[in-house]
A.B. asks: 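Input: one structure, supplied below.
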Number of protein chains: 4
Amino acid sequence: MARKKQAQPGHNSAAADELRVYIERIERLESDKAEIAQDIKDVKAEAKSRGFDVKAIEKIVKERGETEKQRRRRKETEDLTDVYRAALGMLDGTPLGDSARERLMKPEAEPAQDDAAPGEEPGARQRATLTSEDIAAAKEAGRLACREGKRVIDNPYTAGDPRRAAWDEGWCFEAGSDGMDIPSAWRRSEKKKPARPDAPKDGEPGDGEE
Amino acid sequence: MARKKQAQPGHNSAAADELRVYIERIERLESDKAEIAQDIKDVKAEAKSRGFDVKAIEKIVKERGETEKQRRRRKETEDLTDVYRAALGMLDGTPLGDSARERLMKPEAEPAQDDAAPGEEPGARQRATLTSEDIAAAKEAGRLACREGKRVIDNPYTAGDPRRAAWDEGWCFEAGSDGMDIPSAWRRSEKKKPARPDAPKDGEPGDGEE
Amino acid sequence: MARKKQAQPGHNSAAADELRVYIERIERLESDKAEIAQDIKDVKAEAKSRGFDVKAIEKIVKERGETEKQRRRRKETEDLTDVYRAALGMLDGTPLGDSARERLMKPEAEPAQDDAAPGEEPGARQRATLTSEDIAAAKEAGRLACREGKRVIDNPYTAGDPRRAAWDEGWCFEAGSDGMDIPSAWRRSEKKKPARPDAPKDGEPGDGEE
Amino acid sequence: MARKKQAQPGHNSAAADELRVYIERIERLESDKAEIAQDIKDVKAEAKSRGFDVKAIEKIVKERGETEKQRRRRKETEDLTDVYRAALGMLDGTPLGDSARERLMKPEAEPAQDDAAPGEEPGARQRATLTSEDIAAAKEAGRLACREGKRVIDNPYTAGDPRRAAWDEGWCFEAGSDGMDIPSAWRRSEKKKPARPDAPKDGEPGDGEE
DNA sequence: AATGCTCCAGCTGAGC
DNA sequence: GCTCAGCTGGAGCATT
């Protein structure tokens, strides 16, 4: 850190000194940053040694640091992923997330519903005796329910029941049907785009965090 | 592409030519790769213009390309994230995912349960009239249920009901209690825990593709 | 690959099928891309096993793929890095690159030069007997030469001579002198900025919020 | 920082609180880190506004932070890049760096040299009158010099002379010759590999799986 | 349209 | 030997 300035009498290398100062400031800051990064690593290691999942913690931290806008967008993408997954038949054992249900519920939530069970009461007690036929029946029931105007949250099976995912799958499959255009619940947002799929540029201008 | 080889008679720069060949092979391959990357971009743009969410599609593609091991780990992290979120009171409107429920159910699923409602029937019809007191009551009910040995899937509220998240939150909060150590359901895996001898290490030993 | 389309008679899930098609196209392309990436890795491994330095090859490939503009900018940054290095006294044994010399020569290349050696002929033969005093003398000579209007390419020492770097260092140090503004050869480009260094905020770089 | 602990009398959610503490510690540290990153950005912006090249400054900072080992490796890669560039005829106007010269000098520095000029004295005065024939002659002279055992630092042309690069190019081209194995100066290091780089599979690099 | 920023995957060096 | 954290390079995105 010894200043070399004035080392040569009768001469001042102003530009070189200025450069040196900038570089040293940056180095100092970088050093601080590296120190903090090390601290973060240490905390994570400690949490891990206590039995926590560091990856999950990182996810939580990231979520909590999100702005409201970012959060909404993330949720939307997650929901749509669920919907797409259902439509592709990838919901093996992992039913629709609840927020995807809510999302699917919004657009055209006008129909009526009365009963819920597709033939038997939705009790989850006979878990062990479910056959693949039961699963298929649940899927078909879901499609039927969708066609009848039922909402996705009317899934009669409780969380943990394998038929729950199947019903969801049938419902979503049916929802993306009919040869018409992409259903609005499959799109990213109900942004005033009635029928123009060309996407002029993007309706999401002010993204900036903070 | 004109070969300079033999340009200087009576002299062969073997090493230089070899180097050149390597470089040209790499350049050719890089060029192909860039072309394909462009194609991928085009397909994504087309999908976007059709109304699909590209981010969600990317997520699906990534999931489908996962090996079984990777998939299990991802699921586990997602579940634990849900659990942590619940424990921190971040479940505002987004109840536990179903697979997190399943996970929480496993370890000590021996207790009995009979009724489910904490005081009123769990019908979801009075959605609009729910007060913050109802929410708080649901949370307290969840904590009580946990203390009584109920399982998390015994949440009496259906998907879409705001009290569902509150009940989950109370349950998870209670589950991480008691001054004892980190609950096993909060940890990353039942590695070498006496009770579960299965899961040899992973069913997908040959992980590398090809 | 079995199409599920029409699996359910009287029903066509158009949106789901369209989604599936997009996803499969992307997967196919991603697969091709991964294959090519593997080929590239293989070629590099082969080159390495033949004795070539893969990092250097990658650099060459990258350079060859540059557009003219990118290339010019890269050169400029490299030259300026050399100049800054010299000004900071980091040129231990690695004299200025030739293109940095050319760059430094351009702006005000009007002065005259006659002799070259600062006191002894620049022969490089007595390499082993050079003392640190010789080095310091060379550095001082460089500064003197700069002050006299000599150009940096008038460095009298040949490549490989340790005094060459010292002379450069003295010259560059002197060039960034005199309390005046940053020398033009230190700036990124003579882009129409005749004399306005602006930056009215502070002339003392060390005063930041530290 | 307000602890929620004991908010529910008769109950302490130890695990949840511990998790919360870890997360808050991480968040605090991340916040500090972000602040410093912002400071760094500010300093760079200030330097830029003063006329310095930020890219070059970053390079300098990075170099100064390198360990000796990293520095040596970087230098080696840079030198080899120069050598490869020369061998491929990419040295248009940018002669070999001095450290590449030094490197090339080391391995077999036994030959003798007497004169230096390939036919005319190496004075750089007639810069403007140099023709492409002069350049070609310089390149040929370089190759000849290499064949005669001259070292690369014996390049008779001074920095700034276009023939300097041509001479280098000829020398390096010749150095990588003779149908024998890769020259040692082209390899990454004289690591105990006398002459067998293995790779018995092929001496012809272009035959790979293409 | 060009540039800078940010995020992410892919690769490399340690470590059990 | 395999895994895993760190890192560098590249791609996408937002901005001017």
Side-chain angles (χ1 to χ4, degrees), chain A residues 30 33-34 37-38 40-45 47-49 53-55 58-59 62 65-67 69-70 73-74 77 199 201-210, chain B residues 30 33-45 48 54-55 57-59 61-62 65-67 69-70 73-74 77 188-189 191 201-202 204-209, chain C residues 29-30 33-42 44-45 48 53-55 58-59 61-63 65-67 69-70 72-74 77 188-189 191, chain D residues 30 33-34 37-38 40-42 44-45 48 53-55 58-59 62 65-67 69-70 73-74 77:
Chain A
E30 294 274 17
K33 199 171 126 205
Q38 184 57 46
I40 292 174
K41 274 184 59 179
D42 291 346
V43 173
K44 285 178 182 174
K48 182 177 184 175
S49 78
D53 183 313
V54 175
K55 280 254 180 74
E58 285 168 348
K59 249 180 132 175
K62 200 168 174 187
E66 280 174 343
T67 174
K69 194 170 184 180
Q70 291 172 316
R73 178 169 178 175
R74 178 176 54 80
T77 296
K201 34 187 64 74
D202 189 6
E204 207 83 352
D207 175 9
E209 65 282 34
E210 169 132 7
Chain B
E30 294 274 17
K33 199 171 126 207
E35 194 177 323
I36 292 176
Q38 184 57 46
D39 289 349
I40 292 174
K41 275 183 62 177
D42 291 346
V43 173
K44 285 178 182 174
K48 182 177 183 174
V54 175
K55 280 256 180 72
I57 288 179
E58 285 168 347
K59 249 179 132 175
V61 168
K62 200 169 171 188
E66 276 174 345
T67 173
K69 191 177 181 177
Q70 291 171 314
R73 178 168 180 176
R74 178 176 54 79
T77 296
R188 221 186 90 193
S189 185
K191 287 282 183 57
K201 31 187 62 70
D202 65 281
E204 205 80 353
D207 174 7
E209 69 283 39
Chain C
L29 290 167
E30 293 275 17
K33 198 171 129 209
E35 194 176 323
I36 291 176
Q38 183 58 45
D39 288 349
I40 293 174
K41 275 183 63 176
D42 291 346
K44 286 178 182 174
K48 181 177 185 175
D53 183 315
V54 175
K55 279 258 179 71
E58 285 168 348
K59 250 179 130 174
V61 168
K62 200 169 172 188
E63 278 180 23
E66 278 174 344
T67 171
K69 190 176 184 180
Q70 291 171 315
R72 288 179 61 140
R73 177 166 181 180
R74 177 175 55 80
T77 296
R188 223 185 89 192
S189 187
K191 287 281 184 58
Chain D
E30 294 274 18
K33 199 171 126 204
Q38 183 58 46
I40 293 174
K41 276 183 62 177
D42 291 346
K44 286 178 183 173
K48 181 176 184 175
D53 182 313
V54 175
K55 278 256 181 74
E58 285 168 346
K59 249 179 131 175
K62 200 168 174 187
E66 277 174 345
T67 174
K69 191 176 180 180
Q70 292 172 315
R73 176 166 182 180
R74 178 175 54 80
T77 296

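All values below were derived from every heavy atom in this structure, side-chain atoms included, with hydrogens, water molecules and symmetry-related copies excluded.
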A.B. asks: To the nearest Å, how far apart are B:Gln38 CD and F:dA11 P?
C.D. replies: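 In whole Å, F:dA11 P and B:Gln38 CD are 10 Å from each other.
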A.B. asks: Just so I know, are the side chains of B:Gln38 and B:Glu35 near enough to count as touching, which here means a heavy-atom distance under 4.5 Å?
C.D. replies: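 Side-chain contact under 4.5 Å: no.
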A.B. asks: In whole Å, what is the span from the NZ atom of B:Lys44 to the P atom of F:dC13?
C.D. replies: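 The distance from NZ of B:Lys44 to P of F:dC13 comes to 9 Å, rounded to the nearest Å.
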A.B. asks: Check whether any side-chain N or O of C:Lys62 sits under 4.0 Å from OP1 or OP2 of F:dG9, and answer yes or no.
C.D. replies: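 Result: no.
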A.B. asks: Is any side-chain N or O of A:Lys48 closer than 4.0 Å to OP1 or OP2 of F:dA5?
C.D. replies: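 For F:dA5, OP1/OP2 do have a side-chain N/O of A:Lys48 under 4.0 Å.
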A.B. asks: Taking only side-chain N and O atoms of A:Lys41, does any of them lie within less than 4.0 angstrom of OP1 or OP2 on F:dG6?
C.D. replies: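 For A:Lys41, the contact criterion (side-chain N or O under 4.0 Å from OP1 or OP2 of F:dG6) is met.
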A.B. asks: Considering just the side-chain nitrogens and oxygens of D:Arg73, establish if one lies under 4.0 Å of OP1 or OP2 belonging to E:dG13.
C.D. replies: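 Looking at the OP1 and OP2 atoms of E:dG13, one of them is under 4.0 Å from a side-chain N or O of D:Arg73.
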A.B. asks: Using whole Å, report how far CD of C:Glu30 lies from P of E:dG10.
C.D. replies: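 So the two atoms are 9 Å apart, to the nearest Å.
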A.B. asks: More than 12 foreign heavy atoms under 6.0 Å from NZ of B:Lys59: is that the case here?
C.D. replies: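 Yes, NZ of B:Lys59 has more than 12 neighbouring heavy atoms, counting only those of other groups under 6.0 Å.
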A.B. asks: How many Å lie between NZ on B:Lys55 and C1' on F:dA11, as a whole number?
C.D. replies: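 The answer, rounded to whole Å, is 13 Å.
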A.B. asks: In whole angstroms, how far is the P atom of F:dC4 from the CD atom of A:Glu58?
C.D. replies: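 Rounded to the whole Å, the gap is 14 Å.
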A.B. asks: Considering non-hydrogen atoms only, spot the tightest contact between C:Leu29 and B:Ile36 and give its length.
C.D. replies: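 Answer, listing the atom of C:Leu29 first, then B:Ile36: O-CG2, 3.4 Å.
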A.B. asks: Given C:Glu58, which of C:Lys48, C:Lys41, C:Lys44 fulfils the salt bridge (charged side-chain N to carboxylate O under 4.0 Å, His left out) condition?
C.D. replies: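 Only one option passes, and that is C:Lys44.
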A.B. asks: From CD1 of A:Ile40 over to P of F:dC7, roughly how many Å is that when rounded to an integer?
C.D. replies: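 Answer to the nearest Å: 12 Å.
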A.B. asks: In whole angstrom, give the distance that lies between atom NZ of D:Lys33 and atom P of F:dG6.
C.D. replies: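 It works out to 10 Å between those atoms.
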A.B. asks: When the distance from NZ of B:Lys59 to C1' of F:dG12 is rounded to whole Å, what number comes out?
C.D. replies: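 It is 18 Å, rounded to the nearest whole Å.
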A.B. asks: OP1, OP2 of F:dT3 versus side-chain N and O of B:Lys69: anything below 4.0 Å?
C.D. replies: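 Checking B:Lys69 against F:dT3: at least one side-chain N or O falls below 4.0 Å of OP1 or OP2.
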